[in-house]
Protein chains: 2
Amino acid sequence: MADLARLAGVSVATVSRALNGSTEVSEATRNRISELARQMNYTINLSAKNLRTRQNRTVAVVIPYDSTSRQHVSEPFFLTMMGSLADSLTSRGYDMLLSRVDAEKLDMAASLYDSGTAIGIIMIGQWHHHDQLNVMAARNVPLVVWGAQLAQQIYCSVGGDNFDGGAKATRHLIEQGRKRIAFLGDPDLPEVMLRHRGYEHALREAGMQPDPRLLLKQPFEANMASDAVRRLVADGVAFDALFACSDVLAVAAIHALRSSGRSVPREVAVVGYDDVEWARHAEPPLTTIRQPFANAGAEIVDALLQQLSGQKVPPRTLRVELVVRNSSIAGSAER
Amino acid sequence: MADLARLAGVSVATVSRALNGSTEVSEATRNRISELARQMNYTINLSAKNLRTRQNRTVAVVIPYDSTSRQHVSEPFFLTMMGSLADSLTSRGYDMLLSRVDAEKLDMAASLYDSGTAIGIIMIGQWHHHDQLNVMAARNVPLVVWGAQLAQQIYCSVGGDNFDGGAKATRHLIEQGRKRIAFLGDPDLPEVMLRHRGYEHALREAGMQPDPRLLLKQPFEANMASDAVRRLVADGVAFDALFACSDVLAVAAIHALRSSGRSVPREVAVVGYDDVEWARHAEPPLTTIRQPFANAGAEIVDALLQQLSGQKVPPRTLRVELVVRNSSIAGSAER
DNA sequence: TTGAAAGCGCTAACAT
DNA sequence: ATGTTAGCGCTTTCAA
């Protein structure tokens, strides 16, 4: 900047003001300086700026990973989520720092804030670490978590309505005349737990009893889910429908079912979750619960920015929607 | 840090040294200071550190987006790639700054470097902007591009062997007895261009002539690809195989084919590209060209780090592999 | 082994 | 409208 000032024949203060678009520098010099900066590929040094202004424009997005089971990481859900977040963040002029932290050490994420690297943290999923998140929030680390709204929660969460999603999926299957509906997912995870409650709720509503043998407790991992479904078939447990907690799991299940000789949707109707991009192109096209991805990023970022402006932000639950395609409709074209 | 120094009864210099693990501070005080820092949730301010040391540990990963056609963005390819990059980067102690820039203004990415925000740039895909990338490289912006190796290329690229991938896919289809193989992708994009050349090469090798009517020039966009395939069928152009430039396109094509009354793989054999996670769970399981994702991240990061250490890094081409599943095998189970 | 002090590049009073 | 200057939190040379 000093060089630039010398070249322009002004002081560094003027250059600083010009480059920050201050109006108290004459438009002529402002343009001259900007032009000069462009020619020299000069850009304000962000470290210095941040140091001086004690603020920055970086938000950390943390994707926990499970080092033992490598769970979740390849779910297309994340891409969609990250795309949405990246859009919301960049359109508001924030940078997005992507960080993967061991799900067992979620509190490490806080150091991104403590070190001034990021002004706030967006965490995707709460996993088994509700308590660690509460500790961070109690320390006033600006934090928004995508996930379920739980009891005794200090931090701000934004998430789809998982209970309603589970209920909608299950009701839809019941309306198709299905009587024995399997549940594929791990209710130990908060979001899945709520979906499972919605599932049970819908069953009872229709006068059915949840059968524990129909609960396939599996992480978000396609291969394990496939195996579990194959086992269910091999064990001779009767079922005529399956609700999977992600589209990836649903597709894995469909494949396992068909290769076990069960036709989909005729013998087994399947509903997924998320409505990722390719769900409509799957074979058969997937009936699924659509997560509000487009809003999600915006809502999360809004919540974070509100926190940063000092407001107390309550958790938000976003509406989800049933998208009916062929995987759950017995009358549909099937080969 | 001053507070910490006061509490510990030492100077800031000692604290700085202790926290950076310098051996010239006694182990006793070092432990004491570290412990104190932990209790206070103190972490070194990165802006100040970076400003002072004139270096940092952030690498920018740039995903170009096409503002007009919203091309590519939702390809699961990116997630896999980003996961791989995130792994490689974090395991080497670097942060990953995710940035989406308008594909028409790729050179904007350089400002991340100019401003000291990142020490280098990783760009995913070169799109139509070979020249802008060359300009950046000529300015000595540390840069690695995932993509094709082109003529007159100054920048360092790392990419799969697209020519070979195209050839392998096509040869495989020819070996299945297919005679009229459609190509789905946009050869204006460098990587796709090479795949297309490989495709043509394999055809000629077998004594066949490429038929321009079998080239479905489409961006990486499932809906457009579906439509194009449907149109091809409706137009009555004969074909018995299709090579798609991504798994998403392949699945979209299969769906379009089946809903147009063509069975897959019996009437039309299909090969995809990438081998994303769910390709094996698609219906039918997808024959595809596997991109070396696991290596890719590591190779890209290595290349960047080598550049940063002052070496001239030549482009690298990684081996790709044909993965045969059912979508291209007529004898396979089909419903 | 530890401390004092200079300075990284910038912004924002304050002065002109 | 522009310049002077102090200081953001850190590292590091030099001195003790």
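Nearest to the side chain of B/K49, among D/dC10, C/dT2, C/dC10, sits D/dC10. Side-chain atoms of B/N20 lie closest to D/dT11 of the nucleotides C/dA4, D/dA1, D/dT11. Relative to the side chain of B/A13, the nucleotides C/dA4, C/dT2, D/dC10 differ in distance, and C/dA4 lies closest.
Using cut-offs of 30° and 60° for the angle between ring planes, the A/H130 and A/Y155 rings count as perpendicular.
A donor-acceptor contact shorter than 3.5 Å is absent between the side chain of B/S84 and the backbone of B/T80. Remark: side-chain polar atoms of B/D274 are not paired, donor with acceptor, to backbone N or O of B/V276 under 3.5 angstrom.
Counting non-hydrogen atoms of other residues, nucleotides and ligands closer than 6.0 Å to CD of A/Q39 gives a total above 12.
Mapping B/V10 and B/L51 onto DNA chain C via the closest heavy atom, the residue that lands nearer the 5' end is B/V10. If A/E24 and B/L46 are placed on DNA chain D by their nearest nucleotide, the residue sitting closer to the 5' end is A/E24.
At the heavy-atom level, B/T53 lies under 4.0 Å from the strands shown only through sugar-phosphate atoms. Residue contacts for B/T29: at a heavy-atom cut-off of 4.0 Å it reaches the sugar-phosphate backbone alone, with no base atom in range.
Side-chain nitrogen and oxygen atoms of A/N50 include none within less than 4.0 Å of the OP1 or OP2 phosphate oxygen of C/dC10. In terms of phosphate contacts, A/S16 brings a side-chain nitrogen or oxygen within less than 4.0 Å of OP1 or OP2 of C/dT11. At the phosphate of D/dT2, neither OP1 nor OP2 sits under 4.0 Å from any side-chain N or O atom of A/T14. Proximity of A/S47 to the phosphate of C/dC10: no side-chain N or O atom is located under 4.0 Å from OP1 or OP2.
Distance CZ (A/R17) to C1' (C/dC14): 10 Å, rounded to an integer number of Å. Computed from coordinates, the B/M1 CE to C/dG3 C1' distance equals 14 Å when rounded to whole Å.
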